[in-house]
Each structure stands twice: as structure tokens, then as C-alpha cells.
Student: 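The structure under discussion is supplied below as C-alpha cells; questions concerning it will follow.
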Amino acid sequence: DELDRLTEVFNAMTERLNQSFARIREFTLHASHELKTPLTVMHGELETALQDQTLTAAQREQLESELDEVQRLAKIVDGLTLLTKADAGQIALARQPVRLDELLREACTDAQSLARPHDIQVSLTACEELTVTGDRHRLRQLLLNLTDNAIKYNQRKGTVILTLRRAAETAEVVIANTGPGILAEILPRVFDPFFRGDSSHSQAVDGCGLGLSIARWIVSAHGGTVQITSEPNRLTTATVRLPLRASSLASSPAGH
């Protein structure tokens, strides 16, 4: 009898928790949806206002600043929508062969453009020809999020090093940067949404605070792992491991 009552209490508690999580997801989705329209309207109005040739330099600077904030808010809304749908299992991923080396080369080119204004050197030191099974769009988003993060939390005239190698039955992507680093005690929380806990996550750094959370979801959805290690003031490294496609496992990787 005691065990039966305990089971009933536990089941009731679990049901209440599930209902609470469902309400939170529903609220987040509805709030994100309601925010999209006014943000889109504000974005359009600000862009229109910036086309006025009679604006003074101060007025133009003010409008550009407001437009940046609207764009940042729009990214936050999009990120929250994505993570909430992912948590509810509402996002279907494509399952097709994806050349990870091609995606990394594209990400490196994009990163070099982003890094140039900050005098940051981005290099691809190893890129083996490896194929995984997954969603090309999401995997590209993963690499862009991680490289963008490596640039934002770097130091001026720093470096970002990208590599792709085969490690046993996985494709291992390593993205290292020479930023100020992350303290050991807060390292486990870097994937939490909006977490900014040290100098490397300063409010002065532009971003929506959801990039690493989205990256972790993408990796997990592809059956892989992601880990971040850091030696403060020396090197911070993000390591992603994704299962290789069967055809890649059957052949020897070619180094490039």
C-alpha cells in the first residue's frame, strides 16, 4: 500500500512537471510569434528612415544604433523559437550525405571576412575529406555559430585555428581561439541560454546569447558531442565529434 501511494504521488508530480514544461514551451512560442510582427515593422520603418538624405550625421548614427538593437532582438526571438521547437521535437532534420570538409572551408571563408576588421587571423590547418549524415543547413549553422563565437570572444590581432580530422569513427572539428578564456568554475554553463559569466562573455560583445545553445542542440540532434575547454589567456577550444557516414568508415581518409 505504501509503495502504491508513493507511486501515485510520484506519477502525479511527474504529470504536473510535464504540464509546467509544456506551458512554458507554449508561452515562449506564442510570445516569440507575437514579437516577430512588431520587430519586422520597426525594422522596415528604420530602414526607410535611413534612406532620408536630409538626415544629420547624429540622426543617422542614432537610427543605425536603433536598427542594430532591433536586429539583435529579432535574432533572440528566432533563437528562442528554434530552441523551443527543438525541445518539443517539432523540428525535422534532413538525413543526407554531407561533406563536412566543404562546409568547414565555407565557414572559414566567412569567418575570415568577419575577422578582418578586428585584425584576427583565421586559418584552416587541416581538412580531411569526411562525410557525415545530416542536415546541411543545420551543420552549416553549427560551424558558423562556433566560428563567430571564436572571433567575438577573441582579442585584437588574435588567431582562430580550424581543423577537421578523422578520430576513430567520428569526424572531429576543432575550433580554437586565443581569447581571454573561460574560468574553470563556469565552463560547464557556457551552453546555457543567455549565460554571460566572465570577461569573455562581456555585455560589450555583440550577440544574442543563444549561439552555443543552438550549437549544442544541432550536435546532439546529429548524434554527436561538443565540448569546450579553456586555458585562460592562452587558448579556448571547441571540439565537435560527429558520427561518420558508413562510406567514410569504409575508406581511408585523405588529408588535405
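What you are looking at is a predicted structure, and each value in this text was computed from that prediction instead of being measured.
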Student: Taking the side chain as C-beta and beyond, is there a heavy-atom pair between Ile151 and Val160 under 4.5 Å?
Tutor: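 Yes, close enough: below the 4.5 Å cut-off.
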Student: Minimum heavy-atom separation for Tyr153 to Asn177, with atom names?
Tutor: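 The pair with the smallest heavy-atom distance is O-OD1, 3.4 Å.
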Student: Check the hydrophobic clustering (I, L, V, M, F, W, Y; side-chain heavy atoms under 4.5 Å; chains of links allowed) and say if Met42 and Val77 are grouped together.
Tutor: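 Hydrophobic grouping puts Met42 with Val77.
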Student: Could you please spell out the steps behind the side-chain contact (heavy atoms from CB on, under 4.5 Å) verdict for Ile214 and Leu83?
Tutor: CA-CA 7 Å; Ile214 293 172; Leu83 289 173; 3.9 Å; yes
Student: Please check if the side chain of Thr170 supplies one atom and the backbone of Ala167 the other of a donor-acceptor pair under 3.5 Å.
Tutor: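 The answer is yes, because a donor-acceptor pair under 3.5 Å joins these two groups.
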Student: About how many Å separate CD of Glu64 and CD of Gln62, when rounded to the nearest 0.5 Å?
Tutor: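 The distance works out to 10.5 Å.
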Student: Of all heavy-atom pairs between Leu63 and Ala49, which one has the smallest distance, and what is that distance?
Tutor: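 Heavy atoms of Leu63 and Ala49 come nearest at CD1-CB, 3.9 Å.
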Student: With sequence neighbours left out, what residues match Thr178 under side-chain hydrogen bond (donor to acceptor under 3.5 Å, both in side chains)?
Tutor: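 Here the qualifying residues are Asn154.
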Student: Rounded to the nearest 0.5 Å, what separation is found between the CG atom of Leu124 and the OG1 atom of Thr109?
Tutor: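 Between atom CG of Leu124 and atom OG1 of Thr109 there are 8.5 Å.
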Student: If we ignore hydrogens and angles and just use 3.5 Å, is the side chain of Ser65 paired with the main-chain N or O of Glu61 as donor and acceptor?
Tutor: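 Here the side-chain-to-backbone pair does not exist.
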Student: Find out if a path of hydrophobic residues (ILVMFWY) with successive side-chain heavy-atom gaps under 4.5 Å connects Leu144 to Ile120.
Tutor: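 No, no single cluster joins them.
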Student: Taking a hydrophobic cluster as the set of Ile, Leu, Val, Met, Phe, Trp and Tyr residues connected by side-chain heavy atoms closer than 4.5 Å, whether directly or through intermediates, do Ile175 and Phe191 fall within one such cluster?
Tutor: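 Ile175 and Phe191: one cluster.
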Student: In plain terms, say whether Arg5 and Glu8 are close enough for a salt bridge, that is, a side-chain N and a carboxylate O under 4.0 Å apart.
Tutor: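 The answer is no: the pair does not qualify as a salt bridge.
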Student: Can you see which heavy atom on Val122 is nearest to which on Cys108, and at what distance?
Tutor: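 Where Val122 meets Cys108 most closely, the heavy atoms are CG1-SG, 4.1 Å.
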Student: Should we say atom CD of Gln121 is surrounded by more than 12 heavy atoms from elsewhere, each under 6.0 Å from it?
Tutor: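 Incorrect, the count does not exceed 12.
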Student: Give a yes or no on whether Leu235 and Ile186 share a hydrophobic cluster (residues Ile, Leu, Val, Met, Phe, Trp, Tyr; joining criterion: side-chain heavy atoms under 4.5 Å apart).
Tutor: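 No, it is not one cluster - the side chains of Leu235 and Ile186 are not joined through contacts under 4.5 Å.
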Student: Does any N or O in the side chain of Glu34 come within less than 3.5 Å of the main-chain N or O of Ala31, such that one atom is a donor and the other an acceptor?
Tutor: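 Here the side-chain-to-backbone pair does not exist.
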Student: Testing the basics here: between Thr147 and Ala111, what is the closest heavy-atom pair and its distance to 0.1 Å?
Tutor: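 The pair with the smallest heavy-atom distance is CB-CB, 4.1 Å.
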Student: What's the shortest heavy-atom distance between Leu244 and Ala168, and which atoms?
Tutor: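 Heavy atoms only, the tightest pair is CD1-O, 4.2 Å.
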Student: Less than 3.5 Å apart, which donor and acceptor atoms pair up between the side chains of residues 136-143 and the rest of the protein, not counting sequence neighbours?
Tutor:
| unit_1 | atom_1 | unit_2 | atom_2 | d |
| --- | --- | --- | --- | --- |
| Arg136 | NH2 | Glu106 | OE2 | 3.3 |
| Arg138 | NH1 | Gln141 | OE1 | 2.8 |
| Arg140 | NH1 | Glu106 | OE1 | 3.0 |
| Arg140 | NH2 | Asp110 | OD2 | 2.9 |

Student: Report the C-alpha separation of Thr133 and Arg245 in whole Å, then their side-chain angles, then the decisive distance to 0.1 Å, and conclude whether the side-chain hydrogen bond (donor to acceptor under 3.5 Å, both in side chains) test is met.
Tutor: CA-CA 6 Å; Thr133 300; Arg245 187 171 173 81; 2.9 Å; yes
Student: Pairs under 3.5 angstrom only: tabulate donor-acceptor contacts from the side chains of residues 87-100 to other protein residues two or more places apart or in another chain.
Tutor:
| unit_1 | atom_1 | unit_2 | atom_2 | d |
| --- | --- | --- | --- | --- |
| Asp87 | OD2 | Arg25 | NH1 | 3.2 |
| Arg95 | NH2 | Ala221 | O | 2.8 |
| Arg99 | NE | Asp101 | OD1 | 2.8 |
| Arg99 | NE | Asp101 | OD2 | 3.3 |
| Arg99 | NH2 | Asp101 | OD2 | 2.8 |

Student: Under the 3.5 angstrom rule, does the side chain of Ser230 hit a backbone N or O of Ile182 as a donor-acceptor pair?
Tutor: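 It does hold such a pair.
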Student: Just to verify, what does Asp52 make a salt bridge (Lys or Arg N to Asp or Glu O under 4.0 Å) with, not counting sequence neighbours?
Tutor: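 Testing Asp52 for salt bridge (Lys or Arg N to Asp or Glu O under 4.0 Å), a comparison that skips the adjacent residues, returns none.
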Student: Run the salt bridge (Lys or Arg N to Asp or Glu O under 4.0 Å) test against Arg216 and tell me which residues pass, sequence neighbours left out.
Tutor: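 Result, salt bridge (Lys or Arg N to Asp or Glu O under 4.0 Å) vs Arg216: none returned.
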Student: So Glu45 and Val41, do their side chains get closer than 4.5 Å, heavy atoms only?
Tutor: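 They are in contact (side-chain heavy atoms under 4.5 Å apart), so the answer is yes.
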Student: Listing request: all salt bridge (charged side-chain N to carboxylate O under 4.0 Å, His left out) pairs with a residue in residues 228-243, at least two apart in sequence or in separate chains.
Tutor: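 The answer is Glu172-Arg241, Glu231-Arg234.
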Student: Can you measure from NE2 (His222) to CH2 (Trp217) and round to the nearest 0.5 angstrom?
Tutor: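 His222 NE2 to Trp217 CH2: 8.0 Å, rounded to 0.5 Å.
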Student: So which atom in Ser213 and which in Pro193 form the shortest heavy-atom distance, rounded to 0.1 Å?
Tutor: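 Looking at all heavy atoms of both residues, the shortest contact is OG-N, 3.2 Å.
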Student: According to a hydrophobic-cluster definition based on side-chain heavy atoms being under 4.5 Å apart (Ile, Leu, Val, Met, Phe, Trp, Tyr only), do Leu39 and Leu46 belong together?
Tutor: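 Hydrophobic grouping puts Leu39 with Leu46.
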Student: Under the rule for side chain to side chain contact (heavy atoms under 4.5 Å, CB included), what residues qualify as partners of Glu47, not counting sequence neighbours?
Tutor: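 Listed in chain order: His43, Leu67.
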Student: Please name all residues satisfying side-chain hydrogen bond (donor to acceptor under 3.5 Å, both in side chains) with Gln51, sequence neighbours left out, ordered by chain then number.
Tutor: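 If we apply the side-chain hydrogen bond (donor to acceptor under 3.5 Å, both in side chains) test to Gln51, skipping adjacent residues, there are no hits.
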Student: With Arg156, which residues qualify under salt bridge (Lys or Arg N to Asp or Glu O under 4.0 Å), at least two apart?
Tutor: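 Arg156 satisfies salt bridge (Lys or Arg N to Asp or Glu O under 4.0 Å) with Asp119 only.
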Student: Has Gln155 got a side-chain atom pairing as donor or acceptor with Gly179's backbone, closer than 3.5 angstrom?
Tutor: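 Side chain of Gln155 to backbone of Gly179, a donor-acceptor pair under 3.5 Å: no, none is there.
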Student: So, using salt bridge (Lys or Arg N to Asp or Glu O under 4.0 Å) as the criterion, who are the partners of Glu69 when residues are at least two apart?
Tutor: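 For Glu69 the salt bridge (Lys or Arg N to Asp or Glu O under 4.0 Å) partners, ignoring immediate neighbours, are Arg72.
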Student: Any side-chain heavy-atom pair from Glu169 and Pro243 closer than 4.5 angstrom?
Tutor: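 They are not in contact (no side-chain heavy atoms under 4.5 Å apart), so the answer is no.
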Student: For the pair Asp78 and Lys75, find out whether any cationic side-chain nitrogen is under 4.0 Å from an anionic carboxylate oxygen.
Tutor: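 Here Asp78 does not pair with Lys75 in a salt bridge, since their nearest N and O are not under 4.0 Å apart.
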Student: Tell me, do Thr239 and Thr229 make a side-chain contact under 4.5 Å, heavy atoms counted?
Tutor: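 They are not in side-chain contact.
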Student: Looking at side-chain heavy atoms only, is the closest gap between Val174 and Thr237 below 4.5 Å?
Tutor: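 When only atoms from C-beta onward are counted, Thr237 and Val174 do touch, with a gap below 4.5 Å.
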Student: Is there a side-chain contact between Leu212 and Leu146 in this structure, where contact means two heavy atoms from C-beta onward sitting under 4.5 Å apart?
Tutor: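 Contact flag for Leu212/Leu146 side chains = yes.
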Student: Could you pull out all residues at least two apart from Thr7 that satisfy side chain to side chain contact (heavy atoms under 4.5 Å, CB included)?
Tutor: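 In terms of side chain to side chain contact (heavy atoms under 4.5 Å, CB included), with neighbours along the sequence ignored, Thr7 is linked to Leu3, Asn11.
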Student: With sequence neighbours excluded, tell me which residues meet side-chain hydrogen bond (donor to acceptor under 3.5 Å, both in side chains) with Asn145.
Tutor: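 Partners of Asn145 under the side-chain hydrogen bond (donor to acceptor under 3.5 Å, both in side chains) test: none.
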